[in-house]
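Below is one structure, written out as structure tokens, with a few remarks after it.
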Amino acid sequence: MPARESTSSAIPAFVSGSKKNLIGGKWVDATSGQQIDVINPATGKPLCRIAQGDATDVDLAVSAARRAFEGGWSRWTPHQRRKLLLKIHDIVLDHFDELALIETLDMGAPLSRTQGLKEWTSQVLQFFASQCDAAASSTAQNSLPGNVLTLKHLAPVGVVGGIIPWNGPLIGLWWIFGPALATGCTAVLKPAEDASLSVLRIAELMTEAGVPDGVINVVTGYGADAGQALAEHKDVDRIAFTGSIGTAQTIVRASVGNLKRLQLELGGKSPDLVFADADLDKAVPGAAMGVYTNSGQVCVAGTRILVQRSIHDEFVERMTEFTKTIRVGDGLDPNTQLGPLISQRQLERVMHYIDVGGGEGARLAGGGNRLGGDLAPGFFVEPTVFSGASNDMTIAREEIFGPVATVIPFDDMDDALQVANDTPFGLAGGVWTGSLSTAHKVSQAIKAGTVWVNCYGVLDPAVGFGGTKMSGYGWKGAREHVEGYLYPKAVYINLD
Ligand code: NAD
């Protein structure tokens with residue numbers, strides 16, 4: 001599992017100099033002139049700079065989005081918007097190798113992952129293109145006296161503010177721009193300060209594809225100023241936020257000024273249940289990669305692996321052996337399976353949890369180290385397995401957002417479900433079993449927005465996913481997502 005050296009993939013020309021914000025169709029510096037260094041997490045070295053936008057820039061972007069919403073964009077037909085989305089689809093896919101490389105350099109995920117997102121990107125864009133008729137009108141029956149015609153409209157909500165995290169901007173931006181373009185809304189997106197580059201490059205491609213000025217805007221900057229300003233802005237009608245619970249609570253408070261609609265996709269501590277009748281040849285790598293994919297920086301990661309006691313030791317041994325086969329290193333190496341964590345801060349956070357896990361009595365069965373030692377460049381952590389843990393330990397309760405699995409034994413289904421649901425989160429869960437009955441019973445009983453059976457993490461944008469409890473509200477993907485960008489309106493017409 002050695003950390004590997006960079007290979008010589010050429011750095012795209014885009015990853016250089018000072019990147020600007022996209023406001024009203026123009027690329028502009030932050031009004032303050034301030035910038036943020038972009039750090040390559042595989043080397044710890046700067047790549048380029050992004051604008052440090054703040055409330056002034058957000059205000060300009062929201063004004064541009066409002067003008068576009070009220071202006072020519074409102075006259076675009078569904079068919080025109082669909083053609084635009086399909087054009088964006090084609091141009092983005094044509095540039096996908098470059099986009100994958102930018103994402104790998106910017107946030108560390110290996111090329112094997114970022115390049116692998118091409119087909120999913122095609123799916124998500126085609127899905128939203130298929131939803132362009134969602135802003136529709138229909139006649140409705142009524143029981144009114146006289147001769148009254150009733151119409152029901154679904155109308156675009158207006159200006160949408162998007163705030164996304166760093167763990168997968170190449171995915172996260174489509175959950176904002178896709179439904180906005182499909183419904184005729186406009187958007188201001190604030191990507192994460194640690195990973196904005198792929199969003200900026202895609203915004204360039206979208207303008208090339210013909211997105212009108214002001215329909216999409218991107219303001220980079222820190223959450224506490226640019227993000228907060230967007231959440232507070234009284235001319236933003238809806239905020240679509242993906243990130244941590246603490247930030248979500250701040251956003252809920254910030255949104256009260258104009259009671260803006262919210263969609264919140266937050267964290268998790270998802271249980272992945274492995275029953276004794278599971279096929280361990282599938283369950284071991286499946287549950288392991290359910291935690292370690294993207295170096296554990298995945299909201300739905302199945303980080304609490306609940307294993308039936310009779311197979312606990314065998315499972316842990318096989319999982320630990322499996323982790324030794326995972327290739328961790330610079331994402332530019334095509335053989336790398338796991339890249340670095342996003343930042344020094346995240347590295348310290350993950351190493352802290354690993355210390356706490358050992359301190360609270362979980363057995364460190366594998367991993368647990370920073371790769372290359374404390375002075376190594378880049379933010380690499382070994383895939384780590386804690387076994388024999390209990391659900392009250394910190395590593396079973398808090399989201400670590402790193403490659404750390406906590407294996408907890410259980411006796412029977414009731415016991416497993418009690419542990420599975422003993423969490424404030426409700427994002428996802430999994431079950432590995434050979435029994436159809438167990439699969440159905442468990443998937444019904446887990447209190448979470450998504451449950452996987454004998455697989456983990458697959459996602460069809462037309463089906464979607466979402467959270468319950470403190471993992472947020474609002475569905476991503478499917479018709480429900482699009483409807484969140486619309487509001488219903490009834491019209492009563494007296495025909496006499
Ligand atoms: P974060 O909440 O710190 O940051 C997310 C975004 O919010 C960033 O763009 C950040 O700049 C911005 N932000 C920070 N403070 C803000 C404020 N006061 N007002 C407005 N915006 C602000 O989260 P993170 O650490 O970047 O990401 C990791 C978290 O995201 C994890 O909890 C993870 O589970 C979650 N996540 C959830 C999903 C999902 O779909 N459920 C997907 C990916 C990540």
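Start at 1 and go down the list; that is how both ligands and their atoms are numbered. Everything numeric here is computed off the predicted structure, so don't read it as measured data.
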With a 4.0 Å cut-off on heavy atoms, does [X] reach ligand 1?
X	result
Gln297	no
Trp175	no
Pro191	yes

Using a 4.0 Å cutoff against the non-hydrogen atoms of [X], which atoms of ligand 1 qualify?
X	value
Phe241	2 (O), 5 (C), 6 (C), 7 (O)
Ile163	6 (C), 7 (O), 9 (O), 12 (C), 20 (C), 21 (N)
Thr242	5 (C), 36 (N), 37 (C), 38 (C), 39 (C), 40 (O), 42 (C), 43 (C), 44 (C)
Thr250	18 (N)
Glu193	10 (C), 11 (O)
Lys476	40 (O)
Gly267	32 (O), 34 (O)
Trp166	24 (P), 25 (O), 26 (O)

Tell me whether [X] is salt-bridged to [Y], with the criterion being a basic N under 4.0 Å from an acidic carboxylate O.
X	Y	result
Asp422	Arg397	yes
Asp225	Lys190	no
Asp237	Lys260	no
Arg201	Glu204	yes

### Task
Examine the proximity of ligand 1 to Ser244 and report which part, side chain or backbone, both or neither, has a heavy atom under 4.0 Å away.
both
Could you find the nearest protein heavy atom to [atom] and give me its residue, atom name and distance?
atom	result
atom 28 (C) of ligand 1	Phe401 CE2, 3.5 Å
atom 35 (C) of ligand 1	Gly243 O, 3.2 Å
atom 8 (C) of ligand 1	Ile164 O, 3.4 Å
atom 27 (O) of ligand 1	Pro165 CB, 3.4 Å
atom 39 (C) of ligand 1	Cys299 SG, 3.2 Å
atom 18 (N) of ligand 1	Gln228 OE1, 2.9 Å
atom 21 (N) of ligand 1	Gly227 CA, 3.5 Å
atom 34 (O) of ligand 1	Glu399 OE2, 2.6 Å

Main-chain N/O of [Y] paired to [X] side chain as donor or acceptor, under 3.5 Å:
X	Y	result
Ser295	Gly339	yes
Lys269	Ile395	yes
Arg81	Leu181	yes
Asp460	Ala462	yes

#### Entry: Atom CZ of Arg345 with >12 non-hydrogen neighbours under 6.0 angstrom
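Not more than 12 within 6.0 Å, no.
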### Message
Is the distance between the ring centroids of Trp166 and Phe401 under 6.0 Å?
### Response
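That pair passes the under 6.0 Å test.
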#### Entry: Side-chain heavy-atom pair Tyr292, Ile326 within 4.5 angstrom cut-off
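Answer yes - side chains close enough.
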### Task
Quick one: closest heavy-atom pair of Thr394 and Tyr353, and the distance?
CG2-CE2, 3.8 Å
### Task
Tell me, with the steps shown, if Thr220 and Asn21 meet side-chain hydrogen bond (donor to acceptor under 3.5 Å, both in side chains).
CA-CA 6 Å; Thr220 55; Asn21 287 326; 3.1 Å; yes
### Task
Select the closest option to atom 3 (O) of ligand 1 among Thr247, Leu266, Val298, judged by heavy-atom distance.
Thr247
